[in-house]
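Remarks on the structure that follows.
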Amino acid sequence: MSKKPANDLQDLQYFGEYGGVNPSISDSSTYTFLSAKTMFNTFEGNTEGCYLYSRHSSPSNLYLGEALAALEGTETANVTASGMGAITAVILQLCDAGDHIISSRTIYGGTYAFMKNFLKRFNIETTFLDITDLDAVAEAITPKTKMIYCESVSNPLLEVADIAALSGIAKKNNLPLVVDNTFSPLSITPVKLGADIIIHSLTKFINGTSDCVAGVVCGTKEFCLSLKDVNSGAGMLLGSTLDSLRGASILKNMRTLHIRMKKHSENAMFLARNFEKDGLRVVYPGLSSHPGHLIMEDQMNPEYGFGGLMTIDVGSLENANALMELMQDKKLGYLAVSLGFYKTLFSAPGTSTSSEIPLEEQKEMGLGDGLIRFSIGLDEDIRRTYEAIKQCMIELNILETQRPTFS
Ligand SMILES: *Cc1c(COP(=O)(O)O)cnc(C)c1O
């Protein structure tokens, strides 16, 4: 694949039904067959070139899947109705009752809850560990282990997984490495580093407009077809199907992803550098103080930067709440979960998106209750934003009054 994943995305050309520059949107749940024999063959698995029923696949979702496969450099991709729809289908496709999963302990709260609580029903056990501790990963493998799971840049602590090293361990043990790349589309291409299955919540950066939920599984043709199998495919049978209208709108939004990612990253880098200089406890993979900085530098596509997510620990939940409310009042962004919007979004993960993780475990992994997660927006004038956030912090005594930085 080319050095720049955005090239592969941009090289796709579409000719709609009437020569439109956007593919026509499929407006059907079911499809006709010219012969009964073809319908039978399609149910037997010979689905090449045939549409059967839109839970199985639809032209609009296939177009979006093709673009996502180009983005991630995989053979193909299946889109789903949410990120969790992709994650749960992959896990249930790979694991049988009684199996074992190795997972990073700092992952999206919903994924954590699914593995920790829901999979109990199937007696599937997950070992949660510090994914940057490669020896611990290797040691945790048992004959029942069916997958190694991580996020390339983790939610919410922004730990950076050494995907190449993890892939080495996975390959040695004949296990698939499943990577949720939601936080770092374009910046990191996990397949280039040896990952086998890539998942995204399209809800975040890839769609970028915070108007719908959607997800994707990118992988080999063999795996993606298995997910769609009418008799045994977790994707097909659990029914997490994206609506065609949404599929078409996400495809259109995706075409500006490279421009947006550069701007999110540039703005986040500016704020992280300056707030760190101000003496705040900032976590951002672009800072040399970040423990995963060199690994990220090593495995990223540099033109897209270190991503739009940053955390600041302001010491206490009261501080965090007061600051978030004040920033929202000053129109600096929204007190909201999710990420990848044009406005900055901020939330305190300990009491929101990661509240599924018990307090003790939160503490152990370094998730303090004064932690604010920022998804930095596409602000045109980030210096102005910086000065305004800083004023909020001074007003709340989170930052001491310092020499004014207005110049
Ligand atoms: C949001 C998110 C998910 C879940 O995606 P939904 O689209 O909300 O189902 C999974 N992983 C990460 C890293 C996320 O941020």
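In this text the structure is predicted, and so the values were computed from the model without any measurement. Atoms within each ligand, like the ligands themselves, are counted from 1 in listed order.
Put simply, CG on Leu175 and CG on Asp196 are 9.5 Å apart, with the number rounded to the nearest 0.5 Å.
Salt bridge status for Glu266 with Lys263: present, with a side-chain N to carboxylate O gap under 4.0 Å.
For Glu125, the CD atom counts as loosely surrounded, since its 6.0 Å shell holds 12 or fewer non-hydrogen atoms of other residues, nucleotides or ligands. No more than 12 heavy atoms of other residues, nucleotides or ligands sit less than 6.0 Å from atom NZ of Lys144.
Because its NZ or CZ atom is not both nearer than 6.0 Å to the ring centre of Phe122 and within 45° of the ring axis, Lys146 does not count as a cation-pi partner of that residue.
Listed by chain and residue number, the protein contacts of ligand 1 are Ser82, Gly83, Met84, Ile87, Tyr108, Glu151, Asn155, Asp180, Thr182, Phe183, Ser201, Thr203, Lys204, Ala214 (heavy atom within 4.0 angstrom).
For the residue pair Ser184 / Ser152, a side-chain donor-acceptor distance below 3.5 Å is found, with atom types taken as modelled.
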